[in-house]
Amino acid sequence: MRKLIKAAGRLFGAASPDDDYAQGLKALEREDHKAALESWLPAARAGHAGAQHQIGRLYDLGKGVVRNAVDAVGWYRQAAENGHGDAQARLAEIYYYGCDAPKGITPTDEALSVLFPKGLKIEQDYKEALRWARAAAEQGVVGAQAMLGYMHASGFGIAPDYAEAERWYRIAAERGNPAAQLGLGTLLAGGYGGTSDPEAAHQWFRKAAEQKNVMAWYYLGTQYAAGVGVAQDHEAAAVWFRRAAEAGAAAAQRALGLMYARGIGVAADPHTAETWLRKAAVQGDTEAMLQLGHLNSRGAGMQPNLFDAATWYRAAAEMGHREAQKIIAQMYFAGSGVPRDEMEAVRWLERAAGQGDPQAQLRIGALYAEGRGVTRDYDRALDWFRRAAEQGNSDAVYNIGTLHSLGLGVPRDPAGALTWYERAAEQGSVLAQFRLGTMLAAGDGVPQDYARAAFWSRKAAEQGHVGAMINLGRFCMQGLGMERDIDEALRWLTAAAEQKEPSAMTALGELHGHWSERKDFARARGWLERAATLGDERAKLLLQRLPATDPSGGDDPIGDTLDDQPPGQLRAAGEG
């Protein structure tokens with residue numbers, strides 16, 4: 001049909017769409033965009049895909065016309081539907097990223113609504129983006145092939161499909177597209193398609209780097225710095241980071257700054273480190289802001305400046321960096337580099353907690369439980385503890401157990417507290433292991449069970465918990481939940497006493513004066529006197545019953561005092 005129109009045009013002296021298109025290209029070469037548009041319009045209306053694509057570009061770039069993404073998309077779509085690969089590829093990009101109205105334009109303006117009845121903004125539409133990217137890729141448009149690989153890898157709008165991503169990346173990479181080479185290297189380095197292949201990734205990063213792909217320079221730096229895919233070489237890493245940093249890559253600027261801060265691959269130079277970190281920070285790199293905060297707070301070869309440190313921590317915090325939010329909160333609590341302000345500290349902690357940081361959730365829950373910086377609210381404390389517990393934070397699980405044990409925010413529920421303590425103990429919480437031991441030994445609202453009490457006390461004692469050492473020593477000494485073992489009791493009680501714990505000294509006095517078959521009243525007196533000096537009331541009581549010299553006739557003055565205690569009673573160390 002097009003050939004017929006062209007022949008008719010020649011017969012009657014009218015220009016064909018192809019002629020109009022060619023004439024528009026000549027005008028474009030002269031940068032006469034208005035003349036180009038005038039030539040392309042008749043061809044485009046006649047269905048010429050090339051002309052439709054070129055008019056779309058004029059609106060896309062604002063050349064010879066008022067820039068307008070909606071009109072650009074309208075012309076690109078006509079060209080795309082006529083099979084124009086480049087138009088299809090550009091449509092995919094526009095729909096994938098969306099396109100806002102030009103700055104300074106108010107869409108509600110009455111005049112603008114007349115001039116641009118379809119609006120000035122294109123919303124993101126991943127489905128349309130995928131449709132047009134695939135159409136262009138299947139036509140062999142290499143940029144669209146790279147983009148299709150990226151779409152499948154990123155999973156925006158579609159489920160990630162790393163095999164499909166690798167397929168399209170590889171097609172475009174082998175045709176020399178640097179973005180695809182970078183993407184393929186990233187997939188191979190991360191093992192997204194299965195087994196990681198850092199050596200192959202390195203080769204693709206090299207190919208992209210040879211085409212001056214800035215992020216490929218950065219990734220080569222990371223490989224040399226970590227020794228992944230290549231032999232570790234910090235000096236080579238610094239070279240690659242510098243190339244990318246000088247080209248403006250914020251991640252490379254941060255990496256180079258850290259190398260100068262730590263003296264890795266380059267001579268340590270805190271001032272140069274600060275320069276590169278600042279370059280990354282002003283580009284919005286929050287990790288660089290955090291590192292600037294660290295650099296200023298610790299000095300590291302410079303004069304510490306807590307005010308500047310707080311400025312950088314706050315900058316990162318305001319951009320959502322959770323670690324920075326926690327640090328600036330602590331600075332407000334301590335009045336370090338900023339005025340002391342517990343309410344401001346709580347505000348920053350809540351922002352970190354609201355982003356799902358379990359440590360911040362734990363801390364803000366504790367603040368609500370204590371009423372520090374906020375009105376005491378056990379319900380809110382419990383809510384934050386639960387959020388942290390759901391992420392596996394054992395301290396939060398322990399705190400929920402404590403609230404149930406004390407009846408704060410919930411009815412008092414020793415059995416429920418025991419369940420929470422067991423959960424935290426199994427996650428390794430030494431406090432929960434200790435609490436379990438004391439609850440089960442005392443039968444505090446739960447059935448008394450010395451065997452389980454000894455089991456959990458041993459777990460906590462092995463992690464260095466002094467109270468658990470004392471409890472375990474008493475279990476061994478009295479044969480509670482286990483066979484009596486005086487030597488084992490002596491070992492645990494001595495370890496606790498060496499940490500200046502008076503109740504351990506009292507227990508040692510009891511061991512030597514009553515429980516041991518080889519009684520040693522002089523040693524018993526020595527331990528009891530030490531404990532009494534430290535204020536232990538039980539030690540004072542036992543000393544009153546202990547004679548100045550060893551009793552004769554098998555009398556057991558300490559045993560007489562112990563007989564006054566309820567059978568099997570455990571005297572555990574306290575816990576704050």
Side-chain angles (χ1 to χ4, degrees), residues 286-287 289-291 293-294 297 309-310 312-338 340-436 439 460 463 465 575-576:
T286 56
E287 190 62 31
M289 296 174 191
L290 180 76
Q291 294 299 331
H294 293 341
S297 64
W312 285 113
Y313 285 137
R314 190 185 297 105
E318 287 171 349
M319 294 185 68
H321 196 293
R322 299 191 318 192
E323 191 64 28
Q325 290 167 345
K326 291 189 292 182
I327 292 172
I328 194 67
Q330 186 56 40
M331 294 183 82
Y332 274 110
F333 274 126
S336 177
V338 292
R340 191 173 184 276
D341 187 336
E342 290 190 346
M343 291 181 66
E344 186 70 2
V346 168
R347 184 174 76 86
W348 284 113
L349 266 183
E350 282 198 305
R351 286 186 64 175
Q355 290 190 80
D357 187 286
Q359 287 298 325
Q361 291 169 341
L362 173 70
R363 185 78 189 280
I364 201 72
L367 292 174
Y368 274 109
E370 297 166 7
R372 182 181 172 191
V374 292
T375 303
R376 179 172 288 167
D377 188 332
Y378 291 118
D379 289 336
R380 295 190 72 175
L382 185 61
D383 176 60
W384 283 117
F385 289 149
R386 286 188 186 278
R387 295 192 200 188
E390 287 169 0
Q391 297 191 66
N393 186 287
S394 61
D395 291 332
V397 178
Y398 169 79
N399 286 350
I400 295 173
T402 300
L403 292 179
H404 281 79
S405 176
L406 300 175
L408 301 175
V410 291
R412 188 173 186 275
D413 181 5
L418 189 75
T419 299
W420 284 104
Y421 284 148
E422 284 181 329
R423 178 176 161 186
E426 288 166 356
Q427 292 176 0
S429 169
V430 65
L431 287 178
Q433 292 165 353
F434 167 72
R435 285 294 185 196
L436 276 175
M439 283 185 74
Q463 294 191 67
H465 193 286
E575 181 70 27

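- Between the Gln433 side chain and the Ala425 main chain, a donor and an acceptor come within less than 3.5 Å of each other.
- The backbone N or O of Ala334 lies less than 3.5 Å from no partner atom in the side chain of Arg340, so there is not a single donor-acceptor pair.
- Here CG of Asn399 is found 12.5 Å from NE2 of His404. Values are rounded to the nearest 0.5 Å.
- In terms of modelled atom types and a separation under 3.5 Å, the side chain of Gln325 and the main chain of Trp348 share no donor-acceptor contact.
- Rounding to the nearest 0.5 Å places CG of Asp413 at 12.0 Å from CG of Leu403.
- No side-chain donor-acceptor contact under 3.5 Å links Glu342 to the backbone of Arg372.
- One distance of note links CG of Asp377 with CG of Leu382; it measures 10.0 Å at 0.5 Å rounding.
- Using a 4.5 Å heavy-atom cutoff, the side chains of Val410 and Ile400 are not in contact.
- In terms of heavy-atom proximity, Gly401 sits nearest to Ala417 at O-CB, 3.2 Å.
- With rounding to the nearest 0.5 angstrom, the CD atom of Gln361 is 8.5 Å from the CG atom of Asn393.
- Annotation for Ala360 and Ala352: closest pair CB-CB, 3.6 Å, computed over non-hydrogen atoms.
- Across Ala309 and Gly293, no two heavy atoms sit closer than the pair CB-O, 3.4 Å.
- Minimum heavy-atom separation, Met331 to Ala310: CE-CB, 3.8 Å.
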Yes or no on side chain to side chain contact (heavy atoms under 4.5 Å, CB included) for Met289 and Met319, after CA distance, side-chain angles and deciding distance?
CA-CA 10 Å; Met289 296 174 191; Met319 294 185 68; 3.4 Å; yes
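- Put simply, the side chain of Leu349 does not reach to within 4.5 Å of the side chain of Trp384, judged on heavy atoms.
- Minimum interatomic distance between Arg376 and Glu370 (heavy atoms only, all atoms of both residues): NH2-O, 2.9 Å.
- Salt bridge status for Arg347 with Glu344: present, with a side-chain N to carboxylate O gap under 4.0 Å.
- Here the options are Leu431, Thr402, Val397, the test is side chain to side chain contact (heavy atoms under 4.5 Å, CB included), and the partner is Tyr421; only Thr402 passes.
- The side-chain tip of Arg423 does not point at the ring of Trp420 from less than 6.0 angstrom away and within 45° of straight on.
- Looking at every heavy atom in both residues, Pro358 comes nearest to Ala388 through O-CB, 3.6 Å.
- Using modelled atom types, one side-chain atom of Tyr313 and one backbone atom of His294 make a donor-acceptor pair closer than 3.5 Å.
- In this structure, Arg314 fails the cation-pi test against Tyr332, since its NZ or CZ atom is not both closer than 6.0 Å to the six-membered ring centre and inside 45 degrees of the ring normal.
- With contacts defined as side-chain heavy-atom distances shorter than 4.5 Å, the pair Lys326/Gln359 qualifies.
- Note that CG of Leu408 and CG of Asp379 are 10.5 Å apart. Values are rounded to the nearest 0.5 Å.
- Rounding to the nearest 0.5 Å places CD1 of Ile327 at 11.5 Å from OG of Ser336.
- Residues Glu350 and Tyr368 form a side-chain contact, since some pair of their non-hydrogen atoms from C-beta on lies under 4.5 Å apart.
- Checked by atom type and distance alone, the side chain of Gln391 pairs as donor or acceptor with a backbone atom of Gly356 at under 3.5 Å.
- Judged by distance alone, with hydrogens and angles left aside, the side-chain atoms of Arg412 form a donor-acceptor pair with the main-chain N or O of Ser405 at under 3.5 Å.
- By the ring pair (Phe, Tyr, Trp, His ring centres under 6.0 Å) test, Phe385 pairs with no residue at all, sequence neighbours left out.
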